[in-house]
Amino acid sequence: MPAITLPDQSVRQFDGAVTGTTVAAAIGPGLAKAALAMQVDGQLRDLSFAIEGDAKVRFITRKDPEALEMIRHDAAHVLAEAVQELFPGTQVTIGPSIENGFYYDFARNEPFTPEDFPKIEAKMREIIARNAAFVREEWPRDQAIAFFEEKGERYKAELIRDLPETEVISIYRQGEWLDLCRGPHMRGTGDVGAAFKLMKVAGAYWRGDHRNAMLSRIYATAWRDQKELDAYLLQLEEAEKRDHRKIGKEMGLFHLQEEAAGSIFWHPKGWRLYTTVQDYMRRRLDAADYQEVKTPQLVDRKLWEASGHWEKYREHMFIATVDDESEKDRMLALKPMNCPCHVQIFNHGLRSYRELPMRMAEFGACHRFEPSGALHGIMRVRAFTQDDAHIFCTEDQVPAQTAEFVALLAAVYRDFGFNEFRVKFSDRPEKRAGSEESWDKAEAGLKEACRLAGVEYELNPGEGAFYGPKLEFVLRDAIGRDWQCGTLQVDYVLPERLDAVYVGEDGNRHRPVMLHRAILGSFERFLGILIEEHAGRFPLWLAPVQVAVATIVDEAAPFAKEVAAAFRKAGLSVELDLRNEKINRKVVDHIEQRVPVLAVIGRREAEEGKVVLRRLPGREQVTLTLAEAVATLAAEAAAPDLKPVDVAVA
RNA sequence: GCUGCUGUAGCUCAGUGGUAGAGCACUCCCUUGGUAAGGGAGAGGUCCAGGGUUCGAGUCCCUGCAGCAGCACCA
């Protein structure tokens with residue numbers, strides 16, 4: 001006699017076991033029609049699931065968040081059926097729903113191409129129109145394995161074999177077709193609807209392991225209705241316009257070319273942006289009691305052997321030799337990290353506990369040989385500069401130093417317009433240096449530090465640095481990709497390997513702990529994200545060209561030059577536009593170039609010594625004297641850390 | 001690195017095995033104008049590189065390099 005409690009706390013009694021379909025029908029015809037699935041005591045179930053005893057039941061309709069995931073999962077099954085119908089001999093593997101859609105990995109000798117999409121989509125619509133019911137069956141394990149093997153579905157058989165013995169093997173049928181699946185599913189293929197679209201093909205390793213075969217993956221998106229789909233596609237288009245590679249080209253910020261794959265040619269405007277950010281960071285670090293240093297680019301192999309990089313990291317290092325007989329045995333490496341060099345400075349002379357925590361900062365240019373497929377614009381490159389620093393401190397100082405660092409990072413991110421970021425906690429990786437005890441200590445210390453700093457993080461198991469666990473501060477780009485920017489790593493290993501010591505209060509020698517930390521991560525990556533975040537329309541203090549001074553007539557040129565010079569003297573970045581073009585044209589061009597302020601000088605302004613300021617891409621304008629214009633813009637262009645603090649006026 | 005796609009003027013891109021194209025940008029000329037593209041002329045090419053097929057290759061084939069998407073990698 002199950003008593004079913006509904007979300008509104010009403011209770012319904014039934015005789016014997018009932019399915020969701022029955023319960024929904026008992027509640028009303030509207031719900032019977034709308035219900036796609038249900039949640040029984042918090043577990044998502046098919047409507048056909050038999051409820052044996054008392055339970056809390058909530059029905060899932062198309063409006064519920066769970067529905068979107070089910071639409072996508074069901075669409076994946078439909079895709080798989082369509083592909084197997086069209087391309088016999090293709091093996092199915094897995095097809096989960098993901099953010100914004102789903103994918104399905106197929107094993108097929110010939111990979112799919114986008115030209116196959118219309119055909120596959122048409123077949124999918126056919127299957128959806130058939131509206132075959134999803135029917136769940138439970139099979140004995142051996143029978144399931146034998147069935148799929150007999151069908152030549154090696155991958156499915158392998159999946160079942162690897163399921164734990166206790167796991168129920170469930171099969172979902174949709175008409176003639178069936179698939180191994182945990183479920184649950186909606187009522188039938190018709191519930192998928194029409195708002196889906198195949199997006200791209202890609203290779204993907206079986207089980208995500210590069211030693212395995214490469215499968216052919218089809219990515220697709222699916223939504224509740226056409227309106228949602230259209231909105232998503234529009235959003236993708238908009239995101240593409242923010243791509244830093246595109247904007248970098250349009251604004252003339254930088255370029256890349258194959259003779260220096262993975263290294264950036266910064267053009268004047270891009271470099272202006274870079275140095276603005278660097279100057280800001282330098283002031284921030286100075287204020288936070290860091291000391292800036294500069295260490296060598298090329299360092300002898302001996303140091304990398306001592307630090308452990310030669311053993312753990314060599315494949316990613318650029319090695320340099322000299323074509324000279326007397327130097328033939330010398331092997332140098334371009335530094336992939338700054339830490340060993342910073343320890344050399346720490347070790348130069350005997351340190352006292354009084355000097356700790358010592359914060360050693362460097363805008364360190366590093367080179368890493370990244371796999372060719374990993375390179376991405378300026379976000380993943382082979383030559384980059386970190387806003388790196390190492391905090392040498394005692395074990396006791398770790399929590400406070402961590403808290404201080406997180407506060408500094410958050411303040412910096414805020415100044416750049418990032419109010420939200422994610423934090424990941426990465427613990428010991430397989431390939432690591434140092435004892436288990438030191439890892440235990442480092443991980444516990446970092447967790448404690450997070451608790452103290454009030455940092456909420458997600459666990460990221462096995463992804464730590466080889467010398468210590470790390471916090472990763474993650475920002476998202478325009479296309480929705482996540483990038484690690486800031487980081488904080490606790491390291492007991494390197495001080496040990498490179499024999500860093502300080503003299504403690506007790507007069508004995510002690511081992512310092514090193515905190516590796518970066519706020520931006522690399523300038524290159526951070527600038528890429530910054531470009532995408534602002535779509536190239538930077539706040540005034542960051543804009544590479546802050547003001548364009550444009551003339552209406554040639555006669556205005558002498559005064560326009562004066563105006564430009566006055567702006568420049570006030571520290572603004574100015575472009576003087578004296579071209580033989582109409583003002584209309586100049587307005588358009590500077591909007592395209594994403595210049596934030598246009599100063600227009602016509603005959604009238606030249607005579608009166610005034611300036612018309614227009615905020616691009618807006619249309620409003622104000623007329624100011626030159627002195628007012630300079631004062632206004634100079635104040636507004638001050639970096640956030642240099643702006644006078646607002647004082648409440650009585 | 002792996003799978004697939006792409007590589008033509010500074011940029012965005014057409015181009016059917018038979019004389020290398022357009023728009024924008026650039027240079028010059030006309031025009032001196034009042035806030036979202038004024039008009040005309042000109043110049044500009046290692047069709048990514050190397051090999052092959054062919055009477056003939058930007059076009060077809062192979063190899064390499066680079067870029068793009070995804071996967072793997074990411075101290």
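If you're wondering where the values come from, they're calculated on a predicted model, not measured in any experiment. Side-chain atoms are counted along with the backbone in the values below, which use heavy atoms only and exclude waters and symmetry mates. So you know, we letter chains A, B, ... as the sequences are listed, proteins then strands, and number each from 1.
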Look at Glu607(A) together with Arg603(A) and state whether they make a salt bridge at an N to O cut-off of under 4.0 Å. no

Rounded P spacing from rC55(B) to rA43(B) in Å: 37 Å

Are Asp209(A) and Arg211(A) ion-paired here, with the side-chain N under 4.0 Å from a carboxylate O? yes

Could you tell me whether the phosphate oxygens of rU3(B), OP1 or OP2, come under 4.0 Å of any side-chain nitrogen or oxygen in Ser216(A)? no

With no angle test and no hydrogens, is the base of rG70(B) tied to the side chain of Tyr205(A) by a donor-acceptor pair under 3.5 Å? no

Quick check: any donor-acceptor pair below 3.5 Å linking the side-chain of Glu605(A) to the base of rG34(B)? yes

For the residue pair Lys470(A) and Phe425(A), would you count it as a cation-pi contact if the rule is NZ or CZ under 6.0 angstrom from the ring centre and within 45 degrees of the ring axis? no

Could you tell me whether the side chain of Asp554(A) has a donor or acceptor atom within less than 3.5 Å of a complementary atom in the base of rU32(B)? yes

Does Gln489(A) reach a base, just sugar-phosphate, or nothing at all? Heavy atoms under 4.0 Å. sugar-phosphate

Is there, by distance only and without an angle test, a donor paired with an acceptor across the side chain of Arg380(A) and the base of rC73(B) below 3.5 Å? yes

Is there a side-chain contact between Tyr219(A) and the phosphate of rC71(B), meaning an N or O under 4.0 Å from OP1 or OP2? yes

Between Glu430(A) and Lys312(A), is there a salt bridge with N-O shorter than 4.0 Å? no

